Amino acid sequence: MTAAEYAQTLQLKPVVPATATVSGGDSQRKWRHLLLKDFTFFYVSGELTYASQSTKKRMDYIHCRGGIVLPAYDPELVTHIIVDTANPDKPDAGVTLRTLGLKKLSDIPDHVPTVKWKWVNSAKLVPNGDRAGNFRIVEDGNGGHVTVRMDWEFMHSAFVARVHAGKGFKNTGGNEKDKGKGKPKAKTTAQRKEGENSEEEDNDSAEDISDISCACRLIGSVVGVRLIFVCSRNFTQDAPSPPPSAKETTPAVNQTKSVQSEREIPFISDPLGEFEALAKEEKKAEGFLCDAPNSNSLTSECPNQDIVDKLEELMELHRAKPTEEDKWRVYSYSKSIRKIRTYPHRITSYEEARNIPGVGDKTALKIKEILETGELRRIDIEYTEDLDVVHLFQGIYGVGQHIAYMWYSAGCRTLDDIRERKNGIKVSDVQEIGLKYYDDINTRMPRAEAGEIFTAIKRTAVSIDPHLYVEIMGSYRRGKATCGDIDILITRPTDDGNSHEGVLASLLSALQREGIIRENLSMPDFKDDPLEAVYRGLCVRPLREGEGHDTKRLVHILTVPYKSRGAALIYYTGDDIFNRSLRLKANKMGYSLNQRGLFAGVVRSTENKMIKTCDGHIIASETEQEIFRILGVPWQEPWERVRS
DNA sequence: GCCC
DNA sequence: CAGTACG
DNA sequence: GGGCCGCTACTG
């Protein structure tokens, strides 16, 4: 596991104060347990591949003391960069810059110090509370506060060139500005009122620590969205919040229960049986896929990997087939495969497979066959020579099942055939671009590159109008390590009488001038609403000397009216399966959800569901929380919404 | 494909 | 309108 | 046997 990955897994772990394991009387150390609260670190270990034991231990140390370890460097969020490369006394600037993705040390903001690990250990309790030097007031773990003194950052500066950075060397006053926002204490207490039943209850020494709020702060940071950050795992409390008893919908109540059971799994004697029971319960509880947060599947090995592989292979074959029937098979497979992948134990029988919601008779039989023979004959049966070619063509942006099959039946077999317009096939402008950048478009980019491009675009946007709200969405917001594209949401508060009307057009031409945008795939259409539009194109990251930046990346820019931002955030954060599930649930509850808002009283024509005979009225759209709450879906952070 |  | 793409 | 997201958005 890399350091970044480890940092990411920390986000999901509750903050267990290190002192909780120390016997109660040790007041000598207890004060440390929130020592690093309000600090956001980026840790430079210099380890290219795997995080060493000591790196992990130090990240744990930060995490357990209320600090945040960013998986990816973000100049807007980081408060301290810890440099802990091979030789602790001689930090390596080159390695540091490479890790940060910067060219020179001066690219690091002045208020962010680069410190050696030693600085972290410099904290000392100030017994008489005298406020001299670099003091901090921290919670003492008993509901009170103590004064703690730490060395000035410059005393442990990693690089001579940056001793001035951070506090102490001279009075920059620069990092005072983010002091206020990291103290959502009242909120934390309030949210615990609702959430504590299903959250930790056996940790009386940790009363003031909300692991949730900590994780939220962290991922909120990673994700970079700070529009609305009221965090709670269960029901949210924006606006006048309903008392817990007002949760009238059954799914909601069931949800609370199932979260609880999920948490109990590790402690019971027969985990397998319990899981099956839980699965059954979910089945009859009419649960929607969107109801249960993703409990993080990326950490553990999948005990049924061979089954997953075979089923995925089969699914891909169906994906390349043209019929409507196959489309739904793929939809179904994708859901059942996901369930199997996150199933915690080795599946050993047809019965067991069948008990997993989403796995039906057919798939259970296939699993049985894989268990018994290690093979799946259906794969060979479904395979035909055309599928590889169709799959290849479908990789062209703008080419779907139908066009791919048309081209195949026209006799085309390779991308070059398409380029040559073999047998007179037609290729649209968009497809032409898709063809030209076939490999680029089908290659995911590192998370950091997506961030870099986003930052450049945001800078340009804000220079057009400083009041714009510009955020990165999609897989980046969901915390993925690699991104297939860059999704940017733009809106603007209208309280000063202005709006973002016309901004997208100026932004696009500015980005073209800058050379960031290279190709247009689709242009916005403002016919309905000048505030609402979608742009798609290909871009490259901003140029840096001496490096080629040729790989074109898909970029999507969406503008929405400020009032719709909550619904737009949900839509644009995804993932797709989560969205569909959420919309399905809305529909079943008599609502309708799209990227503009949640609507009630929508009447659909009975024979054609596509036609709404009555528009209904909008009941929520401004915040994600509001929409979740009305739908009885427990609040889930972006990274918990991964369903596929 | 799965589920109602 | 059908086809494709978006989360 | 019928639904499986969206009166989604854009292209041609």
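Letters A, B, ... mirror the listed sequences (proteins, then strands); counts begin at 1. Source: prediction; values computed, not measured.
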Note to self: Say we look at D/dC4 and C/dC6: how far apart would their P atoms be, to the nearest angstrom?
What the structure shows: 23 Å

Next item on the list: May I ask you to say what A/L489 touches in the nucleic acid, namely base, sugar-phosphate or nothing, with a heavy-atom cut-off under 4.0 Å?
Entry: nothing

Checklist line | Any A/S332 side-chain N or O less than 4.0 Å from OP1/OP2 of B/dC3 | finding: no

Next item on the list: Check whether any side-chain N or O of A/N594 sits under 4.0 Å from OP1 or OP2 of D/dC7, and answer yes or no.
Entry: yes

Margin query: Please give the distance between the C1' atoms of B/dG1 and D/dC7 as a whole number of Å.
Written below: 28 Å

Margin query: Looking only at side-chain N and O atoms, does A/Y437 offer a donor or acceptor that is under 3.5 Å from a partner on A/E519?
Written below: yes

Notebook entry, point to check: Choosing from C/dG3, D/dC7, B/dC2, which nucleotide comes nearest the side chain of A/I403?
Noted result: C/dG3

Margin query: Is A/R378 close enough to B/dG1 that one of its side-chain N or O atoms is under 4.0 Å from OP1 or OP2 there?
Written below: yes

Item checked: Phosphate-side-chain proximity, A/Y397 and C/dC6, N/O vs OP1/OP2 below 4.0 Å -> yes

Notebook entry, point to check: Base, sugar-phosphate, or nothing for A/E532, non-hydrogen atoms under 4.0 angstrom?
Noted result: sugar-phosphate

Next item on the list: Looking only at side-chain atoms of A/Q595, point me to the closest of D/dA9, C/dC6, D/dC5.
Entry: D/dA9

Note to self: Students often get this wrong, so: under 4.0 angstrom with heavy atoms, is A/S334 touching a base, only sugar-phosphate, or nothing?
What the structure shows: nothing

Check: Where the side chain of A/R329 is concerned, which of D/dC7, B/dG1, D/dT8 is the nearest nucleotide?
Finding: B/dG1

Notebook entry, point to check: Ignoring hydrogens and angles, does a donor from either the side chain of A/Y571 or the base of C/dC6 sit under 3.5 Å from an acceptor on the other?
Noted result: yes

Next item on the list: Verify the neighbour count for atom CD of A/E325: are there more than 12 heavy atoms of other residues, nucleotides or ligands below 6.0 Å?
Entry: no

Note to self: Side chains of A/N355 and A/E351 only: does a donor on one sit below 3.5 Å from an acceptor on the other?
What the structure shows: no

Next item on the list: Please check if any side-chain donor atom of A/T455 sits under 3.5 Å from a side-chain acceptor atom of A/E452, or the reverse.
Entry: no

Item checked: Aro-ring/base stack A/W328-D/dC4, d under 5.5 Å, angle under 30° -> yes

Item checked: Candidate list A/R419, A/K426, A/R421, test salt bridge (charged side-chain N to carboxylate O under 4.0 Å, His left out), partner A/E432, passing option -> A/R421

Notebook entry, point to check: Base, sugar-phosphate, or nothing for A/V399, non-hydrogen atoms under 4.0 angstrom?
Noted result: sugar-phosphate

Item checked: Value in whole Å for how far the C1' atom of D/dA9 lies from CG of A/L504 -> 14 Å

Checklist line | Exceeds 12 heavy-atom contacts within 6.0 angstrom, atom NZ of A/K310 | finding: yes

Notebook entry, point to check: Out of D/dG12, B/dC2, D/dG6, which nucleotide sits closest to the side chain of A/D429?
Noted result: D/dG12

Note to self: Can you tell me which nucleotide in D/dC4, D/dC10, B/dG1 comes closest to the side chain of A/Y333?
What the structure shows: B/dG1

Next item on the list: When you get a sec, tell me which of C/dA5, D/dG12, C/dG7 is the closest nucleotide to the side chain of A/D487?
Entry: C/dG7

Next item on the list: Could you tell me whether A/D361 contacts a base, only the sugar-phosphate backbone, or nothing, with contacts defined as non-hydrogen atoms closer than 4.0 Å?
Entry: sugar-phosphate

Check: OP1, OP2 of B/dC2 versus side-chain N and O of A/R338: anything below 4.0 Å?
Finding: no

Next item on the list: Would you indicate, yes or no, if B/dC2 has its OP1 or OP2 atom less than 4.0 angstrom from a side-chain nitrogen or oxygen of A/T363?
Entry: yes

Note to self: If I take atom CH2 in residue A/W407 and atom P in nucleotide C/dT4, what distance separates them, rounded to the nearest angstrom?
What the structure shows: 9 Å

Item checked: Length of the line joining A/N587:CG and D/dT8:P, which is rounded to integer Å -> 14 Å

Note to self: Between A/K366 and B/dG1, is there a contact of a side-chain N or O with OP1 or OP2 at under 4.0 Å?
What the structure shows: yes

Margin query: Say we look at D/dC5 and D/dG1: how far apart would their P atoms be, to the nearest angstrom?
Written below: 22 Å

Notebook entry, point to check: Atom CZ of A/R580 and atom P of B/dG1: how far apart are they, to the nearest Å?
Noted result: 18 Å

Notebook entry, point to check: Quick one: A/M523 CE to D/dT11 P, roughly how many Å, whole number?
Noted result: 8 Å

Next item on the list: Would you verify whether the NZ or CZ of A/R319 falls within 45 degrees of the ring axis of A/W328 while also being under 6.0 Å from that six-membered ring's centre?
Entry: no

Checklist line | Length of the CZ-C1' vector between A/F288 and B/dC4, whole Å | finding: 11 Å

Margin query: What's the closest nucleotide to the side chain of A/N579 if the choices are C/dG7, C/dA5, D/dC5?
Written below: C/dG7

Next item on the list: Quickly work out the A/L314 CG to B/dG1 C1' distance and round it to whole Å.
Entry: 10 Å

Margin query: Side chains of A/E316 and A/Y333: any donor to acceptor distance under 3.5 Å?
Written below: no

Notebook entry, point to check: Would you say a side-chain N or O of A/R354 is under 4.0 Å from OP1 or OP2 of B/dC3?
Noted result: yes

Note to self: Taking the minimum atom-to-atom distance to the side chain of A/V534, which one of C/dA5, D/dA9, C/dG7 wins?
What the structure shows: D/dA9

Item checked: Watson-Crick or G-U wobble partner of C/dC6, both distances under 3.5 Å -> D/dG6

Checklist line | Nucleotide of C/dG7, D/dT8, B/dG1 approaching A/H556 most closely (side-chain heavy atoms) | finding: C/dG7

Checklist line | Among B/dC3, D/dC10, D/dC5, the nucleotide that comes nearest once only the side chain of A/D525 is considered | finding: D/dC10

Next item on the list: Pick base, sugar-phosphate or nothing for A/Q401, based on heavy-atom distances below 4.0 Å to the nucleic acid.
Entry: sugar-phosphate

Margin query: Under 4.0 Å from OP1 or OP2 of C/dA2: is there any side-chain N or O of A/H402 that close?
Written below: no

Notebook entry, point to check: Whole-Å distance between B/dC2 C1' and A/I356 CD1?
Noted result: 14 Å

